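Presented below is the structure to which this report refers.
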Protein chains: 2
Amino acid sequence: MNAPSAKLTKQGIRAVAARAGVSTASVSRALNNPDAVSPSLRARIAQAIEAVGYIPHAPARILSSRRSRTLGAIVPTIDNTMFARGIASLQKYLSSVGYMLFLTTSGYDLDVELQQARNLIGRGVDGLVLRGDCHHEGLRKLLADNAVPFINVGIYQPDRPYPCVGTNNEAAAHRAAEHVIELGHRRIGIVSALQRNNDRAGARVAGFRRALAENCLELPPEWHVEVPYTLDDAREAARHLLNLKNRPTAVVCGNDVIAYGVLLEAERSGFSVPRDLSVVGFDDLDWSRHLRPSLTTIQVPTDETWQRAGEYLVRSLAGEQTIMHREIDFSLVVRESTAPPPAIPK
Amino acid sequence: MNAPSAKLTKQGIRAVAARAGVSTASVSRALNNPDAVSPSLRARIAQAIEAVGYIPHAPARILSSRRSRTLGAIVPTIDNTMFARGIASLQKYLSSVGYMLFLTTSGYDLDVELQQARNLIGRGVDGLVLRGDCHHEGLRKLLADNAVPFINVGIYQPDRPYPCVGTNNEAAAHRAAEHVIELGHRRIGIVSALQRNNDRAGARVAGFRRALAENCLELPPEWHVEVPYTLDDAREAARHLLNLKNRPTAVVCGNDVIAYGVLLEAERSGFSVPRDLSVVGFDDLDWSRHLRPSLTTIQVPTDETWQRAGEYLVRSLAGEQTIMHREIDFSLVVRESTAPPPAIPK
DNA sequence: GCTTAGGATGTAACCGTTTTCAGAAAGTGC
DNA sequence: GCACTTTCTGAAAACGGTTACATCCTAAGC
């Protein structure tokens with residue numbers, strides 16, 4: 001009808017500006033840098049925002065400012081307690097500092113991971129959280145070309161030029177193996193996760209082997225089994241191991257879920273843990289201390305690890321200097337599933 | 001130096017356009033609607049995109065087109081197998097149809113949920129996936145004001161005007177209770193999840209109570225315990241229940257994790273399941289069939305539920321007509337943890 | 001051969017912010 | 001009272017795409 005009515009048709013920040021009788025610049029400032037605007041204006045603008053029900057349009061903001069206050073994360077799968085916990089912790093930290101998290105999954109496929117990274121970069125994320133240091137060769141170039149900061153989490157590799165935060169999986173697995181060796185075991189098997197595209201699993205196997213080698217112990221090929229992630233797979237592997245004529249007296253597992261499978265299968269096959277077989281896990285999930293027998297395992301501070309990853313990126317983005325390689329301590333938790341080996345049969 | 005060099009400084013789509021010797025409109029068309037551009041041009045553009053290493057800028061695209069091909073989801077927590085599975089399934093489906101998922105968590109706090117919704121709307125999501133129908137009163141208004149389609153997942157309420165997809169929790173819990181009643185139990189307790197801000201938990205308790213009422217069975221207050229989500233909490237509740245002078249012969253649990261707690265605690269207290277106590281769970285997580293005794297429980301197709309939620313929104317956004325209320329069938333899985341009650345003692 | 005419909009391409013306005021730059025207002029010091 | 005800072009505010013140009021509209025071509029219809 002008249003001039004003022006035209007104003008009512010405005011959208012977004014302009015509607016707020018019109019309502020408060022100020023320019024869009026002032027509204028923007030009131031929002032992003034409140035100190036730069038006088039208290040009276042700030043109040044008037046706050047009121048207008050409330051009245052209009054204004055919600056800032058993030059895409060426009062990102063486009064204009066070239067910063068999204070959003071981090072991207074790519075994990076193999078969300079359906080795994082370790083990652084779920086880690087992501088939850090990261091998300092919690094990020095929201096506490098006003099950042100958001102854009103989460104995607106790769107399904108342990110490096111090509112998919114690369115694609116997701118492209119996706120997230122296109123989305124305008126300020127930084128990327130990746131799992132491990134086993135990536136598609138194009139990923140590093142992509143990150144460099146687009147100047148996207150990133151960090152590898154869950155591993156500790158101080159010798160590499162890329163930032164990382166995590167426990168030293170090799171050392172931790174070494175400790176797990178030493179534990180059963182100290183108990184007197186000489187015939188020790190390992191059920192690991194699939195090592196392909198999984199440097200974490202690989203490092204654990206390496207640490208285990210090193211411990212054996214240092215103690216002059218043999219690892220017959222049939223005592224090393226690799227399994228996918230499910231309980232069923234772990235049980236099947238355990239069945240194989242337990243049915244061997246010449247079976248080990250102790251089994252070190254690549255993670256707790258695998259250990260659960262070994263425990264369940266041992267019980268089902270009539271073996272008593274730890275009397276007939278010692279079992280060591282890795283991760284220390286909730287179930288480990290509830291199980292009967294409770295599980296001896298390596299405790300890994302997942303929450304801290306992922307939060308530190310967030311901290312690293314946020315600080316880097318703020319221009320602060322921070323440590324590139326941060327090691328997160330693990331610890332061996334001895335419970336009921338390990339004991340000295342049975343007396344030599346013959 | 002010269003005119004052409006200026007072109008080299010261009011960014012994004014304009015760089016691609018310059019390189020291919022076409023307009024930005026053509027590049028955009030080649031990307032979004034390939035059929036609208038001639039094959040030869042399409043090829044030339046594809047090559048230019050490759051050469052420049054062009055990654056479309058999603059925020060700009062969203063700003064301009066007013067559509068993001070992104071859905072938002074708000075779940076209480078990601079650190080819960082049910083939600084993790086659901087999200088994984090939803091994400092998988094969405095990526096198969098070219099959508100992305102923006103995930104946030106509310107920590108079972110309705111205010112936070114509302115805030116996250118505002119957040120996601122500001123982010124430009126095309127639709128929202130919510131858990132249950134227990135929301136902040138302002139949320140409905142927010143969604144309506146911004147014309148954001150949404151769906152409540154994990155519940156089935158055909159009488160309400162909002163779209164939803166999920167199992168009928170009331171009926172499922174009723175079935176669980178009936179199962180133990182049919183076995184001959186008359187003294188039945190329940191350990192439920194916290195009902196506050198959790199309509200799912202509430203519906204399950206209601207179904208349980210209805211089954212009892214229909215069979216003229218009493219529920220002494222001390223036989224109904226509510227617990228938070230962890231195994232430890234569940235064990236404590238079970239301890240309480242098992243130490244009662246006058247204890248139930250069967251316990252229906254609000255979810256499988258609670259049931260695990262009851263199982264563990266029963267064993268620890270010297271009770272034999274199902275001889276001394278029958279236990280029914282709800283969800284049918286992985287562990288349920290591996291446990292000893294294996295757990296009788298209600299099987300809920302989580303994957304299907306969440307995928308359907310995605311389907312509903314994607315179809316709605318495509319303008320297709322779809323059913324607003326979709327019921328997902330549950331089923332009772334009878335395993336080892338339930339049996340007729342012990343013979344009457346005296 | 002001329003008209004015309006329709007497809008392929010280009011031009012440029014616009015999406016909702018931020019931010020540079022400049023101008024106005026309000027203090028300061030003398 | 002005047003020149004000079006220092007604050008505060010506004011005008012307008014990006015940011016990187018999409019898309020309505022205009023234009024140019026080609027081929028069909030007569």
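Letters A, B, ... mirror the listed sequences (proteins, then strands); counts begin at 1. Remember, it's a predicted structure, so these values are computed and weren't measured experimentally.
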Item to check | Any residue meeting side chain to side chain contact (heavy atoms under 4.5 Å, CB included) with A:Pro149, in chain and number order, not counting sequence neighbours | outcome: A:Leu313, A:Leu317

Checklist entry - What residues form a side chain to side chain contact (heavy atoms under 4.5 Å, CB included) with B:Ala117, not counting sequence neighbours? => result B:Ile74, B:Leu128, B:Leu139, B:Leu142

Separation of [X] atom [atom1] from [N] atom [atom2], in whole Å?
{"X": "B:Ile62", "N": "C:dC15", "atom1": "CD1", "atom2": "P", "result": "17 Å"}
{"X": "A:Arg69", "N": "C:dT17", "atom1": "CZ", "atom2": "C1'", "result": "16 Å"}
{"X": "A:Arg44", "N": "D:dT9", "atom1": "CZ", "atom2": "C1'", "result": "11 Å"}

Please report, to 0.1 Å, the donor-acceptor pairs under 3.5 Å made by any side chain of residues 107-114 of chain B, with sequence neighbours excluded.
residue  : atom : partner  : partner atom : Å
B:Asp109 : OD1  : B:Asp111 : N            : 2.8
B:Asp109 : OD1  : B:Val112 : N            : 3.3
B:Asp111 : OD1  : B:His136 : NE2          : 3.4
B:Glu113 : OE1  : B:His135 : ND1          : 3.0
B:Glu113 : OE2  : B:His135 : ND1          : 3.0

Checklist entry - For A:Leu41, which contact category applies under a 4.0 Å heavy-atom criterion: base, sugar-phosphate, or nothing? => result sugar-phosphate

Checklist entry - Which word best sums up how the rings of B:Trp306 and B:Phe83 line up, parallel for under 30°, tilted for 30 to 60°, or perpendicular for over 60°? => result perpendicular

Checklist entry - What orientation do A:Phe150 and A:Tyr162 show, parallel under 30°, tilted 30 to 60°, or perpendicular over 60°? => result tilted

When the side chains of residues 44-55 of chain A are checked against the rest of the protein, which donor-acceptor pairs come out under 3.5 Å, sequence neighbours left out?
residue : atom : partner : partner atom : Å
A:Arg44 : NE   : A:Ala20 : O            : 3.0
A:Arg44 : NH2  : A:Ala20 : O            : 3.2

Next on the checklist: If the condition is side chain to side chain donor-acceptor pair (under 3.5 Å), which residues does A:Lys141 pass it with, not counting sequence neighbours?
Outcome noted: A:Asp145

Checklist outcome for this item: Hits for side chain to side chain donor-acceptor pair (under 3.5 Å) against A:Asn119, two or more places apart or cross-chain, chain-then-number order -> none

List, with names and distances, any nitrogen or oxygen atoms from the protein found under 3.5 Å away from nitrogen or oxygen atoms belonging to nucleotides 15-24 of chain D.
residue : atom : partner : partner atom : Å
D:dC15  : O2   : A:Ser64 : N            : 3.4
D:dG16  : N7   : B:Arg14 : NH2          : 3.3
D:dG16  : N2   : B:Ala60 : O            : 3.4
D:dG17  : OP1  : B:Tyr54 : OH           : 3.2
D:dG17  : OP2  : B:Ile13 : N            : 2.6
D:dG17  : O5'  : B:Tyr54 : OH           : 2.8
D:dG17  : N7   : B:Arg14 : NH2          : 3.0
D:dG17  : O6   : B:Arg14 : NH2          : 3.4
D:dG17  : N2   : B:Ser64 : OG           : 3.0
D:dG17  : N3   : B:Ser64 : OG           : 3.3
D:dT18  : OP1  : B:Asn32 : OD1          : 3.4
D:dT18  : OP1  : B:Asn32 : ND2          : 2.8
D:dT18  : OP1  : B:Arg61 : NH1          : 3.4
D:dT18  : OP2  : B:Ser28 : OG           : 2.3
D:dT18  : OP2  : B:Asn32 : ND2          : 3.3
D:dT18  : O5'  : B:Ser28 : OG           : 3.4
D:dT18  : O4'  : B:Ser64 : OG           : 2.5

Checklist entry - Tell me, which pairs form a salt bridge (charged side-chain N to carboxylate O under 4.0 Å, His left out) where one or both residues lie in residues 81-102 of chain A, sequence neighbours left out? => result A:Arg85-B:Asp79

Checklist entry - OP1 or OP2 of C:dG7 less than 4.0 angstrom from a side-chain nitrogen or oxygen of B:Ser38, does that happen here? => result no

Checklist entry - Just how large is the angle between the end axes of the helix from C:dG1-D:dC30 to C:dC30-D:dG1, five pairs per end, to 10 degrees? => result 40°

Next on the checklist: Considering only residues two or more places apart or on different chains, which pairs with a residue in residues 309-318 of chain A satisfy side chain to side chain donor-acceptor pair (under 3.5 Å)?
Outcome noted: A:Gln307-A:Glu311, A:Arg308-A:Glu311

Counting only pairs under 3.5 Å, give me each side-chain donor-acceptor contact of residues 23-31 of chain B, with atom names and distances, residues two or more places apart or in other chains.
residue : atom : partner : partner atom : Å
B:Ser23 : OG   : B:Ala25 : N            : 3.4
B:Ser23 : OG   : B:Ser26 : N            : 3.3
B:Ser28 : OG   : B:Asn32 : ND2          : 3.3

Could you list the protein-to-nucleotides 22-24 of chain C atom pairs, N/O on both sides, closer than 3.5 Å?
none

